[in-house]
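So that the names make sense, note that chain A is the first sequence line, chain B the second, and so on, each numbered from 1. Just so it is clear, the values below take in all heavy atoms, side chains as well, and ignore hydrogens, waters and symmetry mates.
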Amino acid sequence: MTHLKIASWNINSVRARSHIVERFLLEEAPDILCLQETKAHNDVFPRGFFEKLGYVHQALNGQKMHHGVATLSRVPLEEDLRHDWQDNGEARHVGVRVAGQFRLENVYVPAGGDIPDRNENPKFGQKLDFIDRMTRWGEDLREPTLIVGDFNIAPLECDVWNHKQLLKVVSHTPIEVETLERFRQSHDWVDLGRKFIPAPERCYTWWSYRSKDWTANDRGRRLDHMWASPELAPQVTRHQVHEPCRSWEKPSDHVPLVVDLAL
DNA sequence: ATGGCTGGTAGAACCAGA
C-alpha cells in the first residue's frame, strides 16, 4: 500500500509567493503540488526553487502575465497533456499520469468577468464554454482521475457567505452552477470537499483581498475543488482546507486543499 | 460595504482577478 498526499493551490503569482510556498511544502510535505494562476511563462518559472525542495518532476503550462498552471512532484509524472478548453490559447490546464495508476488534472477555470451575461460580457460565455468542452472530455474519460484546481464556481448555497446576495454575482449564478453540475454528471465525479465536509457545514477556500480583515465578516466562497472519479474516490482517506494560510505573510487570496490517497 | 486590494508589466488616468 502506497500513500500519496496531493495539494492544490491558486497561488496568485508563483514568483511573489515563494516564502509561503516554501513554508507550506515544509510543513505539509505533499508528494505533489498543483498550482494555479502562476503568472509566469515557462521560461521564467522558478524550476530550481522547487527542485531544491525535492519537487524535481515538473509539468508546466504557463504564459506571460496571466493564468498559468504547474504540477510539481516528488514522484515521477508521465504523459503530460495540455487542453485548451477555452479555445483561445490561454494556459489553464495540465494533466499527468501518476505512478501508472491514475490521472491528475490541474485546471484553472476562467473567472468569467463581472457581468453574468454572455451577450454583454464575452468572458462569461467563454467560462461556460470552457466547462462545456471539459464536460465532453469527461464523458469519454475511462481512467481513474483526480481533477483539482480553481473552478471559480461555488456550487452549493453553503459554499458562499450569503446565497441570496450572490445569486447574481459571477461564481454563484444558477447558470454557472448548472453548467458545473452537468460536468460533474459527465463522469460521476465525487466532490471530495463535500464528501468530507458535508453540506451545510461552512467551507470556503477564497476570501477577497479587499477586506481589511478577511476573518472579520468571513465573506468567503468555496471556489477551489478536488473531484475524484467514482472508482478512485473510496481511496481518498483525508481531505483538508488549510485556512490559516490566508493569514500568512503576503498571502494568496485562495488557500490550499490537500487530499491523502491510499493506492 | 462586491470592491475597499493585489500582482504583472510597462513606464498607465493600464489589465485582470472574482
Side-chain angles (χ1 to χ4, degrees), chain A residues 8-21 35-46 49 60-70 86 88-93 106-118 120-131 149-177 179-180 193 203-225 241 243 245-257:
Chain A
S8 174
W9 198 359
N10 178 320
I11 200 63
N12 184 17
S13 171
V14 66
R15 288 174 291 174
R17 232 53 86 184
S18 54
H19 56 297
I20 58 170
V21 171
L35 296 176
Q36 302 88 38
E37 234 186 320
T38 54
K39 294 187 174 179
H41 191 279
N42 294 353
D43 293 345
V44 296
F45 189 91
F49 169 81
L60 308 182
N61 187 12
Q63 67 178 81
K64 195 176 175 182
M65 279 188 80
H66 299 303
H67 324 307
V69 292
Q86 203 175 196
N88 69 352
E90 291 180 356
R92 295 181 173 277
H93 167 268
N106 177 2
V107 65
Y108 176 43
V109 176
D114 286 327
I115 304 164
D117 180 329
R118 68 159 69 231
E120 286 182 63
N121 166 28
K123 284 184 186 172
F124 190 71
Q126 287 177 336
K127 178 180 195 174
L128 300 177
D129 295 345
F130 183 104
I131 298 167
D150 179 359
F151 291 11
N152 266 319
I153 295 175
L156 305 180
E157 293 189 17
C158 56
D159 289 335
V160 294
W161 63 277
N162 186 321
H163 167 62
K164 280 186 182 164
Q165 216 167 310
L166 285 162
L167 275 171
K168 290 181 179 170
V169 174
V170 173
S171 74
H172 193 60
T173 64
I175 189 167
E176 290 171 275
V177 171
T179 303
L180 186 63
C203 179
Y204 306 139
T205 68
W206 174 88
W207 295 260
S208 171
Y209 279 128
R210 300 195 189 214
S211 169
K212 268 182 202 146
D213 177 4
W214 69 281
T215 61
N217 298 311
D218 194 26
R219 296 188 164 180
R221 305 179 200 169
R222 188 171 73 104
L223 301 178
D224 302 272
H225 300 276
V241 179
E243 226 173 277
C245 294
R246 188 63 180 78
S247 289
W248 288 1
E249 190 191 351
K250 268 189 79 183
S252 169
D253 44 356
H254 296 252
V255 296
L257 309 184

Spacing between [X] atom [atom1] and [N] atom [atom2], to the nearest angstrom:
{"X": "A/E249", "N": "B/dT6", "atom1": "CD", "atom2": "P", "value": "13 Å"}
{"X": "A/K212", "N": "B/dG3", "atom1": "NZ", "atom2": "C1'", "value": "13 Å"}
{"X": "A/D218", "N": "B/dT2", "atom1": "CG", "atom2": "P", "value": "15 Å"}
{"X": "A/N217", "N": "B/dG4", "atom1": "CG", "atom2": "C1'", "value": "12 Å"}

Glycosidic conformation of B/dA12, syn or anti, with 90° from 0 as the boundary?
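B/dA12: syn glycosidic orientation.
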According to salt bridge (Lys or Arg N to Asp or Glu O under 4.0 Å), does anything in residues 109-118 of chain A pair up with another residue at least two apart or in another chain? List the pairs.
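The answer is A/R118-A/D129.
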Show every salt bridge (Lys or Arg N to Asp or Glu O under 4.0 Å) that has at least one partner inside residues 160-177 of chain A, sequence neighbours left out.
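Listed once each, the pairs are A/K127-A/E176.
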When the [atom1] atoms of [N] and [M] are considered, how many whole Å apart are they?
{"N": "B/dC5", "M": "B/dA10", "atom1": "P", "answer": "25 Å"}
{"N": "B/dT2", "M": "B/dA18", "atom1": "C1'", "answer": "9 Å"}
{"N": "B/dA13", "M": "B/dA1", "atom1": "C1'", "answer": "25 Å"}
{"N": "B/dT9", "M": "B/dA16", "atom1": "C1'", "answer": "12 Å"}

Protein-proximity profile, nucleotides 9-18 of chain B, B/S/- by nucleotide at the 4.0 Å heavy-atom cutoff, equals SS-----SBB
[Y] backbone acceptor or donor facing [X] side chain under 3.5 Å:
{"X": "A/Q36", "Y": "A/N10", "answer": "yes"}
{"X": "A/R222", "Y": "A/T205", "answer": "no"}
{"X": "A/N61", "Y": "A/H93", "answer": "yes"}

Less than 4.5 Å apart, any side-chain heavy atom of A/S247 and any of A/W214?
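Contact flag for A/S247/A/W214 side chains = yes.
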If only side-chain N and O atoms of A/S13 are considered, is one of them under 4.0 Å from the OP1 or OP2 phosphate oxygen of B/dG8?
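Yes, within the criterion.
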Are any of A/R17's side-chain N or O atoms less than 4.0 Å away from OP1 or OP2 of B/dT6?
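No.
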For B/dA13, the Watson-Crick or wobble partner whose two distances fall under 3.5 Å:
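Per the H-bond distance test, none.
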Working note: A/R17 + A/S252, criterion side-chain hydrogen bond (donor to acceptor under 3.5 Å, both in side chains); need CA distance, chi angles, decisive distance, verdict.
CA-CA 8 Å; A/R17 232 53 86 184; A/S252 169; 5.3 Å; no
Would you mind classifying the nucleic acid contact of A/W214 as base, sugar-phosphate or nothing, using non-hydrogen atoms under 4.0 angstrom?
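Contact class for A/W214: none.
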